[in-house]
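Beneath this line is the structure, given in structure tokens, with notes to follow.
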2 protein chains.
Amino acid sequence: MTFPSKATHQQTRAHNAALVLRALYDFGPISRADVARLSGLTRTTVGDVVGVLIDDGLAREIGRGPSTGGKAPILLELIDGARHVIALDLGEFVFRAALMDLRGQVQRTIERPVTGVSGDEAVDVVHELIDELATGSRETLLGIGVGTPGIVDAATGTIRSAVNLNWQDLPLADILRARHGVPVQVANDSRAAALAIELFSGRRSTNLVAVKVGRGIGAGVLLGGELFHGDGFGAGEIGHVVVDDDGAECRCGRFGCLETVASSRAILLRTTEAANEQPDSPLGRRLAASGELTLDDVQVALDAGDETTRRIVVAAGRFLGRMLAGVIGVLDVERIVLHGSVAELGDVWLDAVRDEAHRRALRLLAGDVVIERAAPIGDLVLLGASAVVLTAELGLSVGR
Amino acid sequence: MTFPSKATHQQTRAHNAALVLRALYDFGPISRADVARLSGLTRTTVGDVVGVLIDDGLAREIGRGPSTGGKAPILLELIDGARHVIALDLGEFVFRAALMDLRGQVQRTIERPVTGVSGDEAVDVVHELIDELATGSRETLLGIGVGTPGIVDAATGTIRSAVNLNWQDLPLADILRARHGVPVQVANDSRAAALAIELFSGRRSTNLVAVKVGRGIGAGVLLGGELFHGDGFGAGEIGHVVVDDDGAECRCGRFGCLETVASSRAILLRTTEAANEQPDSPLGRRLAASGELTLDDVQVALDAGDETTRRIVVAAGRFLGRMLAGVIGVLDVERIVLHGSVAELGDVWLDAVRDEAHRRALRLLAGDVVIERAAPIGDLVLLGASAVVLTAELGLSVGR
DNA sequence: TGCCTTTGTCAAGTATCTGGACGAACTCCC
DNA sequence: GGGAGTTCGTCCAGATACTTGACAAAGGCA
């Protein structure tokens, strides 16, 4: 029963200002006249907005560009270091934090192991990380972005539940804002990563699904250039959809979730089984040597052409592809990007995903879908955490 | 590489005007002051907009309401018959057309069988239907809305392909607009139906998936109060996602699509098989008598407690539920509405759908999801075709 | 009856986009 | 080298639409 909100002049201005900023961001160096052509705004308006951006230190003139038959244009560029963002990735075993500029260029990274840490103690670790990075860049600090597993109410910045940290309904954004005095954005890690791909991979898609396949499986759904959260902030939580009728128990309590068959855990479980059955195989010897298999071991076995490993990896990929076929059917997105540790496994896995997704989705739609690995632009969760801040504060991924 | 478009004063005005109109639509009779409170607009702005609405004949004052301690408010209401819409449902066997008012109240309905009709001939039938309904209501005609199966480019009103009518890349909106001189909207039938449920069922959901389960299966995806089309206008085309590994051939050419196991065709195919195997069963006798089974026969057998029929219907429902679990995982919508001939089968089917969807979706998400049959508000495709026009012309389902 | 509240409108003010005009700066061609 | 034409950036007047404050009309309450 919520009623849509009214439109105001400020919103109009904010939208158009974001448009100009984005033109500089994506197409700079660029002249005012070109920004006007690109955005449809008048030169007058663009000039006005640019004036504000220059006053704010966000943009600068860098001299004349080539003439096209008239007065040479004054080229403008965004000042990448004009603002900074502190981005955090609250991983399962380690909290990582980075100080980044407007382009997602990392200035400094620090991290703390958090095994055994939980509750208020974990919040204190977050504070420490921020304090350490904030020293010396308080003036330019645009905001703090947090990427974390679990269900996150992005509107209020409340973490609904993060099992391993024993956080429940923690208003992390409020807590951090109160202590550090800058805007704070909190987002689910997979969703943040999706925004990072949109903002930093040099290629804009209005609609995009980015699937993180690691120990867990989660997707970020970007529709119309904006993150889609769903009614309960659970959009993209595909890891716990049941896909295997006689599957194993999942950490969520049910059986046969996608995670139990397609995550890194699933692959390692199965390769370990195989290694135990065949102690003389390469994987068997690797297991005996180290006591535990890792995805690197799987990669090595895969590269060596081990058939059992290949079958396991392909099976995992096919399960994911099956899920993606459903995603394509429901959303008809033109681009699905895969990332996370499992996505690093290479073409054996990727081809399995693609093949299964294409075989199962309506040809008319699937023909256009690009399923690809994320470009190696860095830690996507960290980048995403900063992308969320950039989007919220500067409107760097405006839709429409 | 398309750049978002600029914001203007006119858009601001249009948005706010739509807000006022919607307040009248959803909450009327209502005073200007209450509209202001509801929308957040100032009384001044609301008064201004209402003035225009009254001038346009869209609203009227209907006297004073009860005072709450001050001057009694002047109540306003929408004039339901102020405008009319011609809605068309281009069904597989019959084209149906209706003249409706702003509330979706049907003034007149006509139809033409179109078996064997295709190409330009079919377009002529559309023209005829419109001409017949338009006589006498030219002045109040707001627009024409068309609901049709197949892939439709809703932005341009072009039908990409409608197999049975032999239409390919037909710019139907342009054709109808040229001939009849009013705005035309064309939409996929399932998507149109979703908008009808949103607009006419008396209950607003920002996010909603409406699945039409009949001879075909398709969904309309409503996100943020607006229809989501997908990059290739194929969002919601879940009927041709492969769900059955050793399934039968589908009319789309592949094997095991959702339609081959969950549509009315699938149910009738299976019950007919069963009837042939057991000629003495109720269904067997029914088949022998009429030569062909219908969903009504299935309904009768179901009501009579026939176990074979029940199993077939439940199996069909479970396949759909499985797909819905995926939808819930991807979108986390709070409400999924089912309609179409199969959805009329009753609780045996609905319970199977619900049970399977809930069992397979993440508990946290699935717990909140309501899966329900559409309220019996009329022909959803016709209503939807008109809803698309009302949305486009009056902004009756504004988001944000 | 007098005071308070609420409604609807008016007038002045403000923010922001629009469109025309103009000087500055550059190219091209004679 | 100079004039014509083009393009850029800005200025200014004008238009649009929201905001704010004020006020009369209309009602309740004591």
Side-chain angles (χ1 to χ4, degrees), chain A residues 4-21 23-24 27-55 59-77 395 400, chain B residues 4-21 23-24 27-55 59-77 395 400:
Chain A
S5 56
K6 66 174 172 181
T8 63
H9 284 162
Q10 289 99 58
Q11 286 170 8
T12 306
R13 177 60 150 196
H15 178 91
N16 289 339
L19 235 50
V20 171
L21 192 66
L24 294 185
F27 299 98
I30 185 174
S31 69
R32 291 170 175 83
D34 276 341
V35 172
R37 269 186 286 270
L38 194 62
S39 61
L41 296 166
T42 59
R43 280 180 309 178
T44 310
T45 302
V46 172
D48 192 26
V49 170
V50 166
V52 175
L53 291 179
I54 291 178
D55 283 350
R60 70 178 148 220
E61 301 185 339
I62 55 161
R64 289 256 141 86
S67 159
T68 58
K71 176 176 169 179
I74 303 170
L75 294 182
L76 300 161
E77 73 170 10
R400 278 197 296 174
Chain B
S5 56
K6 65 175 173 182
T8 63
H9 287 160
Q10 290 101 58
Q11 285 170 8
T12 306
R13 176 61 149 194
H15 178 92
N16 289 339
L19 236 49
V20 172
L21 192 66
L24 294 183
F27 300 98
I30 186 174
S31 70
R32 290 171 176 81
D34 276 341
V35 172
R37 267 187 289 270
L38 194 63
S39 61
L41 296 165
T42 59
R43 288 195 315 250
T44 309
T45 302
V46 172
D48 191 27
V49 170
V50 166
V52 175
L53 291 179
I54 292 178
D55 283 351
R60 71 178 148 222
E61 301 185 339
I62 56 161
R64 290 247 134 90
S67 159
T68 58
K71 175 175 168 180
I74 303 170
L75 295 182
L76 300 161
E77 72 170 11
R400 276 197 296 175

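In what follows, every chain begins at residue 1, and chains take the letters A, B, ... in the order their sequences are listed. Note: hydrogens, waters and symmetry copies are ignored here, and every other heavy atom, side chains too, is used.
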Query raised in the report: Closest to the Arg32(A) side chain: dA15(C), dG9(D), dT7(C)?
Result: dG9(D)

Query raised in the report: Can you tell which of dC10(C), dC17(C), dG9(D) lies closest to the side chain of Thr44(B)?
Result: dC10(C)

**Report entry** For Arg43(B), side-chain hydrogen bond (donor to acceptor under 3.5 Å, both in side chains) partners two or more places apart
**Finding:** none

Report task. For the pair His15(B) (side chain) and Ser5(A) (backbone), establish whether a donor and an acceptor sit closer than 3.5 Å, ignoring hydrogens and angles. Result -> yes

**Report entry** Under 3.5 Å: donor-acceptor pair, side chain of Lys6(B), backbone of Ser39(A)
**Finding:** no

Requested in this report: With Leu76(A) as reference, evaluate Ile54(A), Val20(A), Leu53(A), Val46(A) under the side-chain contact (heavy atoms from CB on, under 4.5 Å) test and give the passing residue.
Outcome: Ile54(A)

Query raised in the report: Can Arg32(A) and Arg37(A) be said to form a side chain to side chain contact (heavy atoms under 4.5 Å, CB included), step by step?
Result: CA-CA 9 Å; Arg32(A) 291 170 175 83; Arg37(A) 269 186 286 270; over 6 Å; no

Could you tell me how far apart [X] ([atom1]) and [N] ([atom2]) are, to the nearest whole angstrom?
X: Arg43(A); N: dG19(C); atom1: CZ; atom2: P; value: 12 Å
X: Arg37(B); N: dT6(C); atom1: CZ; atom2: C1'; value: 8 Å
X: Gln10(A); N: dT16(C); atom1: CD; atom2: P; value: 6 Å
X: Leu75(B); N: dT7(C); atom1: CG; atom2: P; value: 11 Å
X: Gln11(A); N: dA15(C); atom1: CD; atom2: C1'; value: 13 Å
X: Arg13(A); N: dT14(C); atom1: CZ; atom2: P; value: 17 Å
X: Ile54(A); N: dG9(D); atom1: CD1; atom2: C1'; value: 12 Å
X: Ile74(B); N: dT7(C); atom1: CD1; atom2: P; value: 11 Å

Query raised in the report: When you look at Leu75(B) and Ile30(B), which way does the side chain to side chain contact (heavy atoms under 4.5 Å, CB included) test go after all the steps?
Result: CA-CA 5 Å; Leu75(B) 295 182; Ile30(B) 186 174; 5.7 Å; no

Report summary line: On DNA chain C, more 5' by nearest nucleotide between Lys6(B) and Pro73(B) is Pro73(B)

Query raised in the report: When only distance counts, do a donor and an acceptor, one from the side chain of His9(B) and one from the base of dT16(D), lie under 3.5 Å apart?
Result: yes

Report task. Remember a base hit wins even if backbone is also touched, and classify Asn16(B) as base, sugar-phosphate or nothing at under 4.0 Å, heavy atoms. Result -> sugar-phosphate

Report summary line: Once base and sugar-phosphate atoms are separated, protein heavy atoms under 4.0 Å mark nucleotides 25-30 of chain C, 5' to 3', with B, S and - as BBS---

Requested in this report: State, yes or no, whether a side-chain contact exists between Leu19(A) and Asn16(A) at a heavy-atom distance under 4.5 Å.
Outcome: yes

